[in-house]
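Just so it is clear, the structure is predicted and the values come from calculations on it, not from any experiment.
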Amino acid sequence: MEDSRRRWAASGVVAGVAGLATSYATATALNIRESPVVAVAELVIRLTPGPVVEGAIQLLGQADKPVLVAGVLLAVGLLFALAGLLARGGLSRSVLVWLSLALIGMVAVLRQHGAGPVDVLPVGVGLATWLALHSALVNPLAKGRAHPELASRERRVFLMVAGTVGLAAVAIGLAGRFVGSGRRHVESSRRLLRIEGVTRRQPPASATVGVPGISPWQTPNEDFYLIHTAISVPAIEPTDWFVRIHGMVERELVVTYDDLLARELTESWVTLTCVSNPVGGDLVGNARWSGVRVAELLAEAGVLPDADCVRQVSEDGWDCATPLVALTDGRDAMLAVAMNGHPLPIEHGFPVRTVVPGLYGFVSATKWLVELEVTRFDRVEAFWTQRGWSEEGPIKVSSRIDVPRSGADVPAGELRVGGVAWAQHTGISSVEVALDGGDWIGADVAAPPTNDTWVQWAATFEVEPGDHVLRVRARTKTGELQTGVVRDVMPDGATGWHTVEFTAQS
Ligand SMILES: Nc1nc2c(c(=O)[nH]1)N[C@H]1C(S)=C(S)[C@@H](COP(=O)(O)O)O[C@H]1N2
Ligand SMILES: [Mo]
């Protein structure tokens with residue numbers, strides 16, 4: 001009897017550990033910063049009263065985190081055993097334990113700074129592993145109990161399944177560690193990196209209008225939108241990195257990371273935008289980039305007269321074709337090494353990515369850049385162009401209402417509204433807003449340092465109690481008025497006026 005109880009408990013522990021292994025491996029494969037167990041440990045820290053945490057730190061010193069993770073693992077292990085024992089009364093009882101554990105993991109992961117839907121994937125994989133394996137393990141145990149004459153055969157089946165699952169879990173966990181170790185090494189290289197000439201700058205005061213709740217003019221790195229096709233992003237050591245400049249050039253050039261940093265560094269504010277950004281969307285962000293001008297490198301290589309574009313290739317195989325003119329006409333098109341005064345975050349292209357003011361990211365902003373091939377548009381078809389997106393991608397003039405949010409309840413009376421507008425490299429000259437289909441009113445527009453960034457805008461209205469509709473449009477410095485014609489993001493960027501509905505309460 002005792003022996004069989006132990007087997008039931010073991011069924012839970014083996015399935016549980018296997019699920020932790022697959023979820024850990026998923027987290028490392030997807031380059032998610034923390035595995036769910038670590039996320040839970042951090043949640044425990046956050047939920048523990050301060051004095052207790054301090055006492056624990058004093059008692060344990062440096063060992064506090066490992067001890068906490070070990071404690072979480074122990075507690076979780078006991079719950080695994082409990083799930084196993086509960087399964088004696090039917091698998092649905094143990095399912096409750098698995099679901100609760102997954103829920104805790106999910107909450108912990110989502111509480112992490114900057115967590116998105118992808119971050120819960122490891123928890124989902126872990127839960128699926130728990131459910132599938134536990135039922136596979138419980139099956140022989142239940143059979144053995146129902147048919148005592150088969151008990152010894154079912155026991156062997158159980159041990160075989162458990163042994164195989166256990167070994168597989170260890171292998172998956174080790175593989176995850178191995179995959180993750182390269183990334184961890186690059187992360188520590190990045191942390192230790194000090195790039196001479198990279199400065200940290202506050203946004204100029206003239207760039208902000210001071211409306212509470214609108215997007216900060218400078219987007220912090222951890223809030224900057226992320227778009228890439230790579231599931232597992234490249235982890236490149238700066239010492240291993242180089243870019244090859246070849247194709248229609250007089251001399252091929254190979255530039256290492258040190259070669260690049262030895263050149264004159266350019267720093268400028270540039271707003272990046274994704275062509276997939278819908279009207280009113282948030283696939284847009286503004287940062288201060290530090291890097292080396294592409295034009296300088298191209299001049300050194302000597303571009304041949306027939307060339308009209310540069311095919312940029314990423315370490316992950318993604319590519320795009322950028323008009324040569326945008327790289328050489330004097331704008332701050334650069335191979336960037338730093339973002340907002342810090343070495344590029346790994347997800348944003350560490351160690352080197354391209355930034356070209358005025359062009360959507362899909363034709364210009366190559367992350368993990370490794371190759372610049374000078375060529376002609378009639379000889380290349382890049383990743384997104386092959387998939388039906390346009391060949392060229394100048395950013396369309398756009399504007400967005402940040403305050404009030406769509407569906408917001410606001411107090412009736414004086415209402416301060418605001419948002420952002422952009423037409424990179426051309427500049428925004430004015431922004432107009434219309435309330436409830438009324439006249440277009442000129443908004444206050446901030447004065448950013450260059451035309452390569454978005455601008456903040458603000459306006460004030462008197463709003464009566466009831467439902468309202470607010471609309472925004474912008475005009476560029478060359479006089480182009482943002483069109484109200486509604487077009488989808490495909491193939492070259494959405495158009496239309498951002499419209500927000502809100503309610504004023506008396
Ligand atoms: N290697 C690589 N670089 C890439 C992409 C990609 O999928 N792979 N996406 C591009 C697109 S579509 C955009 S909008 C920008 C986004 O840059 P961000 O993730 O740093 O905001 O990166 C560009 N560079
Ligand atoms: Mo994009």
Minimum side-chain heavy-atom gap [X]-[Y] below 4.5 Å:
X: P204; Y: W217; answer: yes
X: V472; Y: W457; answer: yes
X: V397; Y: T426; answer: no
X: Y225; Y: T219; answer: no
X: H348; Y: L226; answer: yes
X: T328; Y: V303; answer: no
X: V292; Y: T266; answer: no
X: L133; Y: V14; answer: no

Hey, are [Y] and [X] close enough side-chain-wise for a donor-acceptor pair under 3.5 Å?
X: N451; Y: H425; result: no
X: T256; Y: D258; result: no
X: E237; Y: S189; result: yes
X: N286; Y: T453; result: no

Between atom [atom1] of [X] and atom [atom2] of [Y], what is the distance when rounded to the nearest 0.5 Å?
X: E373; Y: H246; atom1: CD; atom2: NE2; answer: 4.5 Å
X: N221; Y: L344; atom1: CG; atom2: CG; answer: 8.5 Å
X: R400; Y: H498; atom1: CZ; atom2: NE2; answer: 8.0 Å
X: H342; Y: I195; atom1: NE2; atom2: CD1; answer: 11.0 Å
X: L298; Y: L372; atom1: CG; atom2: CG; answer: 6.5 Å
X: Q456; Y: I428; atom1: CD; atom2: CD1; answer: 13.0 Å

Legend entry - Worked verdict on R201 versus W269 for side-chain contact (heavy atoms from CB on, under 4.5 Å): CA-CA 10 Å; R201 230 18 113 63; W269 297 99; 4.2 Å; yes
Please name the pair of heavy atoms, one in [X] and one in [Y], separated by the smallest distance, quoted to 0.1 Å.
X: L193; Y: P238; answer: CD2-CG, 4.5 Å
X: D259; Y: V254; answer: OD2-O, 3.9 Å
X: T495; Y: V485; answer: OG1-O, 2.5 Å
X: I172; Y: A21; answer: CG2-O, 3.7 Å
X: S364; Y: L359; answer: OG-O, 3.6 Å
X: D402; Y: S215; answer: OD2-OG, 2.6 Å

Inset, instruction - Applying side-chain contact (heavy atoms from CB on, under 4.5 Å), run through F377 and T385 and close with a yes or a no. - result: CA-CA 11 Å; F377 272 115; T385 309; over 6 Å; no
Taking [X] for its side chain and [Y] for its backbone only, find out whether a donor-acceptor pair lies under 3.5 Å.
X: E267; Y: T199; result: yes
X: Q424; Y: T271; result: yes
X: R405; Y: V500; result: no
X: R473; Y: G484; result: no
X: R353; Y: A365; result: yes
X: Q386; Y: E381; result: yes
X: S429; Y: T476; result: yes
X: S314; Y: K367; result: yes
X: D332; Y: M334; result: no
X: N340; Y: R288; result: yes

Inset, instruction - For C309 and E391, run side-chain contact (heavy atoms from CB on, under 4.5 Å): C-alpha distance rounded to whole Å, both residues' side-chain angles, the deciding distance at 0.1 Å, then the answer. - result: CA-CA 11 Å; C309 80; E391 187 164 74; over 6 Å; no
Inset, instruction - Could you tell me whether R471 sits above the aromatic face of W497, with NZ or CZ closer than 6.0 angstrom to the six-membered ring centre and within 45 degrees of the axis? - result: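 No, cation not above the ring by the 6.0 Å, 45° rule.
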Report the relative orientation of the aromatic rings in [X] and [Y]; use parallel for angles under 30°, tilted for 30 to 60°, perpendicular for over 60°.
X: W368; Y: H228; value: perpendicular
X: W422; Y: W454; value: tilted
X: F383; Y: W318; value: tilted

State whether the number of non-hydrogen atoms from other residues, nucleotides or ligands found under 6.0 Å of [X] atom [atom1] is greater than 12.
X: Q202; atom1: CD; result: no
X: F242; atom1: CZ; result: no
X: E196; atom1: CD; result: no

Could [X] and [Y] be called an ion pair, given the rule that one side-chain N must be under 4.0 Å from one carboxylate O?
X: R263; Y: E300; result: yes
X: E187; Y: R183; result: yes
X: K396; Y: D492; result: yes

Legend entry - Option passing side chain to side chain donor-acceptor pair (under 3.5 Å) with R311 (candidates T322, T375, D319):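 Of the listed residues T322, T375, D319, the side chain to side chain donor-acceptor pair (under 3.5 Å) partner of R311 is D319.
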Legend entry - Aromatic centroids of W130 and F80 separated by under 6.0 Å: yes
Legend entry - From CA spacing to verdict: side-chain contact (heavy atoms from CB on, under 4.5 Å), M339, W289: CA-CA 5 Å; M339 179 178 183; W289 306 92; 3.6 Å; yes
